[in-house]
Amino acid sequence: DVPLQQPFDAPTTVEEGYDAGDADPDSNKTFITMNWLLPEITQQQRMMELSVLSYALIGTPASPLRKALVDSGLGEDLTGSGLNGRMRQAVFEVGMKGTTYDNAPKVEALILETLGQLAEEGIERETVEAALNTMEFRLRERNTGRFPRGLMSAFTAFPLWANGGNPLDALEFEERLAYVKQQFSDNEQYFQDLIGELLVQNTHRTTVILRPDPEVGPRRDTATAEKLAQLRSGMGSDEITQIMEQQEALRVAQETPDSPEDIAKLPTLTRDDIEREVKVTPQEISSIGEATVYYHEQPTAGIAYVDLGFDLYTLPERLLPYVNIFGTALTQVGTEAQDYVQLIQRIGRTTGGIYTTNFNAVKRDHESTLGLFFVRGKVTSDQTGDLLDLFRDILLTVKLDNKERLSQIVRQRRARFEQPGPFTPTGWAAKRLQARFNVADWADEQMSGVSHLFFLRELVERIDNDWDSVLADLEALREALLKQGAMIVNATMEADTWASFKPQLEAFVGAIPAGDAPRQAWGQGELPQYE
């Protein structure tokens with residue numbers, strides 16, 4: 001392979017103003033991202049190494065580069081996705097958002113200092129082991145959620161194919177992953193050396209700083225208007241007429257319906273193509289203590305999926321905005337026996353991941369509603385005991401009194417809400433409209449809509465000035481939510497795994513506080529109006 005000509009041979013800094021509307025130019029909204037140009041993506045063995053390294057550096061809150069940036073207080077959350085392998089030459093990108101213009105050089109210096117230290121001293125073995133285990137689990141499971149697996153495979157293969165590689169190479173991983181694991185086993189400095197070679201000593205690097213500038217939008221509009229006026233002044237009447245005719249032809253083409261012959265060429269489904277029998281997932285319902293257990297026997301390739309659900313209606317409505325923060329805290333604050341770095345390393349080394357979510361819905365009768373808080377995990381069949389031990393530790397011994405860590409979590413969440421994606425505001429508007437019609441959607445808006453954004457802004461101030469009341473709310477939430485009588489267990493695994501898992505589950509459920517908290521009546525009412 002002939003490498004591409006490098007576009008720059010020394011570190012470069014680029015500053016750009018972005019449209020900040022009416023924002024204060026000195027506000028806490030500067031973005032800084034550092035980018036390293038890496039080898040071509042056709043070097044798939046190197047891409048596997050970089051994927052594991054990227055996850056080890058910034059993939060979890062315990063990752064050393066992410067932790068150094070967040071703990072610094074220089075910004076609110078990370079920018080950049082780590083390894084970007086969608087172009088011909090891969091890029092490693094990392095930085096901070098929610099920082100200030102004056103702090104941008106400090107962020108750059110901290111990133112370089114941290115990488116230099118890691119190149120000298122290495123990454124903790126537990127962190128690398130967690131990254132390797134997590135990557136292997138993801139590659140073997142190939143969980144694409146509701147997205148079609150075949151289409152996701154095509155998206156995975158396309159960048160390599162488009163840049164001269166064999167598309168099938170992007171879907172194969174066994175030998176390359178085995179090579180990385182063997183290299184690390186033989187040499188604990190393996191990833192340490194990669195940091196030095198590909199990041200610290202790599203001069204093909206740029207730093208991009210985006211600073212708020214309320215004048216960017218008006219300047220851009222003025223420049224566009226001037227350019228259009230200049231182009232028009234240089235046109236003759238015939239050229240202007242031609243452009244108008246082309247515009248009209250485009251309008252007619254867009255508004256003219258397709259012919260029946262063209263429509264008939266499109267592949268379609270008929271009612272006969274749809275299976276008439278509904279596929280029913282096998283389900284076995286039982287009880288352990290006061291908890292209800294749902295077991296689904298499925299071919300899972302040796303993976304056990306376990307969900308713990310808790311009835312959200314045991315919470316008073318004032319605590320609903322805390323639910324997602326509490327969920328994050330379970331896996332990212334630490335327990336009585338382990339700090340959050342050790343806990344995250346343990347989760348990464350022994351499971352395929354633990355995460356939390358909530359579910360709100362109107363039942364089929366259109367009158368009653370359902371609200372559940374889920375803690376979900378997945379492991380290989382021989383590690384189910386490890387998963388239940390982790391569930392027990394994070395639910396019963398999480399250190400909610402860690403003010404510093406809770407503050408970081410809330411500020412990061414606020415930063416994500418304040419820099420939403422292009423479709424997020426539309427989703428917020430939909431949530432507020434839906435919240436008028438039923439309690440389930442009202443609760444969802446409180447936990448993840450625009451109301452939640454205003455709650456987060458207030459909570460940041462309360463953590464700084466009235467921490468005791470915040471801690472009391474979080475403890476009250478845990479006490480009300482974690483009850484056997486308000487708990488369900490949803491397990492999906494193969495029959496042999498279930499036979500050995502069920503006794504372990506019985507012991508776990510017995511450790512959850514007994515009792516059934518009364519269900520609360522949430523008031524729908526009028527949503528508060530914000531300016």
Side-chain angles (χ1 to χ4, degrees), residues 137-138 140-156 171 263-288 290-313 352-381 384 387 423 427 430-431 433-435 437-444 447-448 485-502 505 509 519:
F137 202 103
R138 289 177 178 178
R140 294 191 184 285
E141 184 186 32
R142 294 186 63 206
N143 182 3
T144 61
R146 297 180 180 179
F147 202 85
R149 180 172 289 188
L151 194 56
M152 180 59 76
S153 297
F155 286 162
T156 301
L171 305 178
I263 293 176
K265 297 175 184 177
L266 297 174
T268 57
L269 292 174
T270 67
R271 293 174 64 183
D272 293 335
D273 294 314
I274 302 174
E275 295 184 15
R276 295 185 176 276
E277 293 188 7
V278 177
K279 293 182 179 179
V280 179
T281 301
Q283 177 172 272
E284 175 187 312
I285 304 177
S286 60
S287 296
I288 296 178
E290 300 172 74
T292 302
V293 179
Y294 299 86
Y295 164 57
H296 314 279
E297 181 184 347
Q298 290 286 288
T300 60
I303 297 174
Y305 299 88
V306 184
D307 307 329
L308 308 178
F310 298 90
D311 189 356
L312 284 171
Y313 281 84
I354 294 176
Y355 69 99
T356 61
T357 185
N358 55 71
F359 176 77
N360 296 284
V362 180
K363 292 186 178 181
R364 193 178 299 179
D365 58 16
H366 298 290
E367 294 181 2
S368 55
T369 56
L370 177 70
L372 288 168
F373 170 77
F374 281 106
V375 182
R376 292 179 160 166
K378 51 191 176 182
V379 290
T380 54
S381 58
T384 53
L387 178 64
F423 302 108
K431 282 180 182 288
L433 290 172
Q434 291 172 311
F437 296 101
N438 61 76
V439 174
D441 286 323
W442 172 84
D444 191 50
M447 290 187 280
S448 59
M487 174 182 173
I488 65 171
V489 179
N490 185 60
T492 303
M493 59 191 72
E494 293 158 348
D496 291 345
T497 306
W498 174 248
S500 60
F501 175 69
K502 191 172 182 180
L505 181 62
V509 173
R519 298 188 99 226

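Because the structure is a prediction, the values reported are computed rather than measured.
Across every non-hydrogen atom of L372 and G309, the tightest pair is CD2-C, 4.4 Å. Counting all heavy atoms, side chain and backbone alike, N143 lies closest to G145 at OD1-N, 2.9 Å. Pairing each heavy atom of A495 with each of E297, the nearest pair is CB-OE2, 3.7 Å. Residues S448 and K431 share a closest heavy-atom pair of OG-NZ, 3.2 Å.
The backbone N or O of A486 sits nowhere less than 3.5 Å from a side-chain atom of E290 that would complete a donor-acceptor pair. With Q283 contributing its side chain and Y294 its backbone, the two residues share no donor-acceptor pair below 3.5 Å.
Remark: E284 engages no residue in a side-chain hydrogen bond (donor to acceptor under 3.5 Å, both in side chains) (not counting sequence neighbours). Residues passing the ring-ring contact (aromatic ring centres under 6.0 Å, His included) test with Y313 are W522, sequence neighbours excluded. By the salt bridge (charged side-chain N to carboxylate O under 4.0 Å, His left out) test, E141 is found to be paired with K378, residues two or more places apart in sequence or in another chain being considered. Scanning for salt bridge (charged side-chain N to carboxylate O under 4.0 Å, His left out) contacts around R142 gives an empty result, with sequence neighbours left out. Here R140 pairs with E136, E174 under the salt bridge (charged side-chain N to carboxylate O under 4.0 Å, His left out) rule; sequence neighbours left out. With sequence neighbours left out, the side-chain contact (heavy atoms from CB on, under 4.5 Å) criterion links L151 to F147, P148, F155. In this view, R519 and D311 satisfy the side-chain hydrogen bond (donor to acceptor under 3.5 Å, both in side chains) rule, not counting sequence neighbours. Residues passing the side-chain hydrogen bond (donor to acceptor under 3.5 Å, both in side chains) test with T270, sequence neighbours excluded: D273. With sequence neighbours excluded, the residues that form a salt bridge (charged side-chain N to carboxylate O under 4.0 Å, His left out) with K265 are D262. Listed by chain and residue number, F326 satisfy the ring-ring contact (aromatic ring centres under 6.0 Å, His included) test with F373 (two or more places apart in sequence, or in another chain). Checked against ring-ring contact (aromatic ring centres under 6.0 Å, His included), Y295 has the following partners two or more places apart in sequence or in another chain: W498. Every residue meeting the side-chain hydrogen bond (donor to acceptor under 3.5 Å, both in side chains) condition with D441, not counting sequence neighbours, appears here in chain and number order: N438.
Side-chain atoms of N360 and M447, non-hydrogen and from C-beta on, do get closer than 4.5 Å to each other. The shortest side-chain heavy-atom distance between Y305 and L387 does not fall under the 4.5 Å cut-off. For the pair V306/F501, a side-chain contact is recorded, criterion being any heavy-atom separation below 4.5 Å from C-beta on. Side chains of H296 and N490 form a contact here, defined as non-hydrogen atoms less than 4.5 Å apart. Between T492 and T300 there is a side-chain heavy-atom pair separated by less than 4.5 Å. Within the 4.5 Å cutoff, the side chain of S381 has no heavy atoms near those of the M493 side chain.
Atoms CG and CE, from L171 and M152 in turn, are 12.0 Å apart once rounded to the nearest 0.5 Å. In this structure, OG1 in T384 is found 14.5 Å from NZ in K502, a value given to the nearest 0.5 Å. Rounding to the nearest 0.5 Å places CD1 of I288 at 5.5 Å from OG of S286. Considering CD1 of I303 and OG1 of T380, their distance stands at 8.0 Å, rounded to 0.5 Å.
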Under the criterion side-chain contact (heavy atoms from CB on, under 4.5 Å), I'd like the reasoning laid out for F359 against L312: C-alpha separation, chi angles, the key distance, then a yes or no.
CA-CA 9 Å; F359 176 77; L312 284 171; over 6 Å; no
Determine whether I488 and F374 satisfy the following criterion, side-chain contact (heavy atoms from CB on, under 4.5 Å), listing intermediate values before the conclusion.
CA-CA 9 Å; I488 65 171; F374 281 106; 4.3 Å; yes
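Across D307, T357, T356, a single residue satisfies side-chain contact (heavy atoms from CB on, under 4.5 Å) together with V375, and that is T356.
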